[in-house]
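Heads up, the thing below is written out as structure tokens.
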Amino acid sequence: MKKRVSVVVPIYNEEQGIKQFLSEQLFPELKNLSGSYNFEVILVDDGSEDKTAEIVRAEILREKSMKSRMLCFTRNFGKEVALTAGIMAAKDSDAVIMIDSDGQHPVEAIPKMLERWESGAKVVTAMRSRNKTQHKAGSKIFYKTMRLLGDKNIIEGAMDFRLIDHKVAEDYARFSEHMRITRGLIDWLGYPQEYISVELKGRKYGDGTYSFRKLLKLAGDSFVSMTRTPLAIFGYLGLFITVLSLLLGLFILIQQYILGDPLGLDWSGAVAMCVFISFLVGLVLISQAITALYISQIHIEAKNRPLFVIDDDKSEGAIEKK
Ligand code: UDP
Ligand code: MG
């Protein structure tokens, strides 16, 4: 019997390119491979505000030879949640492939992924090939900081273009947290991964809907989610005070004690003491803010809201009713 493979595609405001991606890239590639596999395409419309859902529905209905369905969120829940919904919907498949809908992930790599999976890999991750990449400065800083903060496992260049085995998908569906980075959680599961190197293509239409603001939020979420509480402001204040008093302290040290007061300021020891104390106060404020971030995170998880909401009327194809 042919193995069942689900392809999960998160889509958000892609009206310009989605038709082309499906009809010229994804569907043809899958049809080429359909001699050996039973594919099912799970399109997750992440609350697009433009014509995306209509276009996708038309594509599904037009391409009858391709088994596909669309899950429509009631609003934008974010790519990580869209991926999760797709993976959960694919739980009966033997493998799940996730791929972006903006055409940046090369569909030509799918056969290679399947090959690796057939020879035993539980997780196959596409990596941006080194030579041709123009790393976004933002993502570079993000990865550097993440690693610095202790997440040693995070691998730069790993994309959200992945294949996971049925077992991994099943395990993934057991996570209940809301702030999630899919690839981070898959890494966390600990299955050995195989990497294939692919070329990340440029975006044809629109700009990355992961605007700088969203990227920053993503980065913040993974540190421990930021700015949800006013205390974060005190954290920044603390940072400011710490840096300022550090500079001031260095100035006093060099000016007064090393160079012997060439400016003739004649500051007393009390001044130095004040600066030192402000430095400590800054540190306290910073650590307070970090604690607050942890607590706000706990608050969010404790509410344990449903992760997403599917609009049954808008969706297309077999929808599981819970
Ligand atoms: N996406 C989504 N929800 C969002 C933002 C993006 O489902 O809130 C989808 C988007 O349609 C695309 C994929 O996630 O298929 C990657 O988005 P994008 O190209 O903006 O991110 P980048 O390529 O910069 O990582
Ligand atoms: Mg993209």
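All ligand and atom numbering here is 1-based and tracks the order in the structure.
For ligand 1, the atoms lying closer than 4.0 Å to a non-hydrogen atom of Asp46 are 2 (C), 3 (N), 4 (C), 7 (O), 8 (O). With ligand atoms numbered from 1 in the order given, ligand 1 contributes 19 (O), 23 (O) to contacts under 4.0 Å with heavy atoms of Gln104. Those atoms of ligand 1 with a heavy atom of Asp102 less than 4.0 angstrom away are 15 (O), 18 (P), 19 (O), 23 (O). Atoms of ligand 1 found under 4.0 Å from any heavy atom of Gly78 (numbered from 1 in listed order, with element): 3 (N), 8 (O). The ligand atoms of ligand 1 that sit less than 4.0 angstrom from a heavy atom of Ile11 are 7 (O), 11 (O).
Polar contact with ligand 1: absent for Ala82 (N/O pair, distance under 3.5 Å).
None of Asp160, Thr84, Asp46 except one satisfies the side chain to side chain donor-acceptor pair (under 3.5 Å) rule with Lys79; the exception is Asp160.
Side-chain atoms of Val56 and Glu316, non-hydrogen and from C-beta on, never get closer than 4.5 Å to each other.
The side chain of Glu14, and not its backbone, has at least one atom closer than 4.0 Å to an atom of ligand 1 (non-hydrogen atoms only; side chain from C-beta on). Counting heavy atoms closer than 4.0 Å to ligand 1, residue Asp100 contributes atoms from both its backbone and its side chain. With a 4.0 Å cut-off on non-hydrogen atoms, Asn76 touches ligand 1 through its side chain and not its backbone.
For the 3.5 Å distance criterion, the side chains of Ser93 and Ser6 qualify, holding a donor opposite an acceptor. Defined by atom type and a distance below 3.5 Å, a donor-acceptor pair is present between the side-chain atoms of Asp187 and Gln193. Under the 3.5 Å distance criterion, with hydrogens and angles disregarded, a donor-acceptor pair is assigned to the side chains of Ser65 and Glu63.
Under the 3.5 Å distance criterion, the side-chain polar atoms of Glu301 are matched with a main-chain donor or acceptor of His178. Looking at Glu29, its side chain never comes within 3.5 Å of a backbone N or O of Ile110 through a donor-acceptor pair.
Residue contact annotation: Asp102 places an N/O/S atom under 2.8 Å from the Mg ion (ligand 2).
Salt-bridge annotation for Glu115 and Lys112: absent, with no side-chain N of the basic residue lying under 4.0 Å from a carboxylate O of the acidic one.
Relative to atom 15 (O) of ligand 1, the option among Ser101, Gly103, Gly47, Gly86 with the closest non-hydrogen atom is Ser101.
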